[in-house]
Novice: 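Below you'll find the structure I mean.
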Amino acid sequence: MTVLNDPATLDSTVRKAVADATVTDIHTHLFPPSHGNLLLWNVDEMLTYHYLTAELFTMAPSGLTPADFRKMPKCRQADLVWEHVFLRRGALSEAARGVVTTLNKLGLDIGGRDLAGIRKWFAQQKTESYLVKVFELAGLDYAVMTNDPFQVAEVEHWRAGRPPHDLLKPALRIDALVADWPAAAGMMTAAGYETAAKLEADSFDEARSFKEARRFLADWAKKIKPVYLAMSLPSDFTYPTDQPRGRVLSNVIIPAARELGLPIAMMIGTRRRANPALGDGGDAVGVADVLAVQNLCAENPDIKFLVTMLSRVNQHELCVCARKFGNLHLFGCWWFCNTPSIIEEMTKMRLELLGANFTANHSDARVLDLLISKWSHTRDIVADVLADKYGLLFQAGWRPTDDEVRRGARNLLGGAYEEFMAK
Ligand code: FIX
Ligand code: ZN
């Protein structure tokens, strides 16, 4: 252990600690190679990431509709994004810069703009070894997946019972239960669970349906061994509420989390399908109600909640909420918040209000390769913010040690999450 006695050494130690820290990526949409084409990777997948296709339609040639675009082969779609977002408009958005950073860190000559050559390089890669290479370049120990038992394409891979992947941990995603009970009930019934499509408060049918839904979750938890239960919730989510989704939460999800000893991850603030033609790129953001989080945490002190909110407007109130509840862990700069200016602001604010007791970011990567850029960009910002905070602490009279600095960096990048999950 070395005491860092001068500001310049402190600054360089902090930056090195962040650069060297192992990252745990606690929310992604990646799959193991055993899930076949569900695992997306390569330059065309990056170029057609929904962040970029949404951007394309703000500048697309007139006459190009999302429906026409969807019918095109992936490489043609990628060509259009390349042409309009990169070549004509200059790749200035965070999503476009992400592709540039990734290709550059892979050692490809993105400056030469040779898309055909880059495609050739990707065609020579093998999924398994490429996955390992990406995790190494991003500096990750593991990433948490999103595993949805209400997605038929995913279910068949779990049925095949292949062994899990060392770099990817499962999370049981259960949006359908709260967002579309009739559809979820239909699927559960088809799988042999007696669930009624229509929920009637306090009825015998509802009680039986809820019991069966809990059995469904217990069976899935046994099958995939998730690290947490996860759901996204819309910006108009409130709790408590008499709406069916409130009853599903109180009678299915919370008791199941309790029985199974699993935390609940909640991602709050979407306005889904603001422009449905754009698919995943058509979702928007709304300011949500932090009181719902407060009520859930207060009512269920024995349950751990991992929470991120989508609206920038909610972040301060959410930080204050997290100071009140030891069972609440904040994570990530979700989606539209995963841009440098907002990551910086949120990381500063969280440090100031919570100390190094939150998870600064998650990648939300749907395309494997983008782990590289998402974490490279986040690391740069976390390094700046931490260096600044340690500098101020030094001025105030504290003399940090190198161990302390390394722990601080790791805490923000997965250490605090691991501790929260273990407690
Ligand atoms: O609900 C979610 O997990 C969101 O992160 C996604 O649905 C979203 O499409 C996304 O990829 C955001 O980064
Ligand atoms: Zn996500």
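First listed ligand is number 1; within each ligand, the first listed atom is number 1. Each residue takes its place number in the sequence, starting with 1. Treat the numbers as computed from the prediction; the structure is a model and nothing was measured.
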Novice: Which protein non-hydrogen atom lies closest to atom 4 (C) of ligand 1, naming both residue and atom, and how far is it?
Specialist: Trp334 NE1, 3.6 Å
Novice: Quick test of your reading of the structure: of His27, Arg366, His50, whose heavy atom lies closest to atom 7 (O) of ligand 1?
Specialist: Arg366
Novice: Where on Met231 is there a heavy atom closer than 4.0 Å to ligand 1, on the side chain, on the backbone, on both, or on neither?
Specialist: neither
Novice: Is the NZ or CZ atom of Lys304 positioned over Tyr417's six-membered ring, under 6.0 angstrom from the centre and within 45° of the axis?
Specialist: no
Novice: To the nearest 0.5 Å, how far apart are NE2 in His377 and OG in Ser363?
Specialist: 13.0 Å
Novice: Hey, could you give me the CG/CG distance between Asn300 and Asp302, rounded to the nearest 0.5 Å?
Specialist: 6.0 Å
Novice: Given His362, Arg173, Lys374, which one has a non-hydrogen atom that is nearest to atom 1 (O) of ligand 1?
Specialist: Arg173
Novice: Report the angle formed at the Zn ion (ligand 2) by atom NE2 of His27 and atom OD1 of Asp364, rounding to the nearest 10°.
Specialist: 100°
Novice: Would you call the rings of Phe210 and Trp181 parallel, tilted or perpendicular, taking 30° and 60° as the class edges?
Specialist: perpendicular
Novice: Give the residue, atom name and distance (to 0.1 Å) of the protein heavy atom nearest atom 5 (O) of ligand 1.
Specialist: Asp364 OD1, 2.8 Å
Novice: If you round to the nearest 0.5 Å, how far is CZ of Arg379 from CG of Leu386?
Specialist: 12.5 Å
Novice: Would you mind telling me which of Asp280, Asn147, Asp148, Asp364 makes a side-chain hydrogen bond (donor to acceptor under 3.5 Å, both in side chains) with His29?
Specialist: Asp364
Novice: Which residue owns the protein heavy atom closest to atom 13 (O) of ligand 1, what's the atom, and how far is it?
Specialist: Tyr51 OH, 2.5 Å
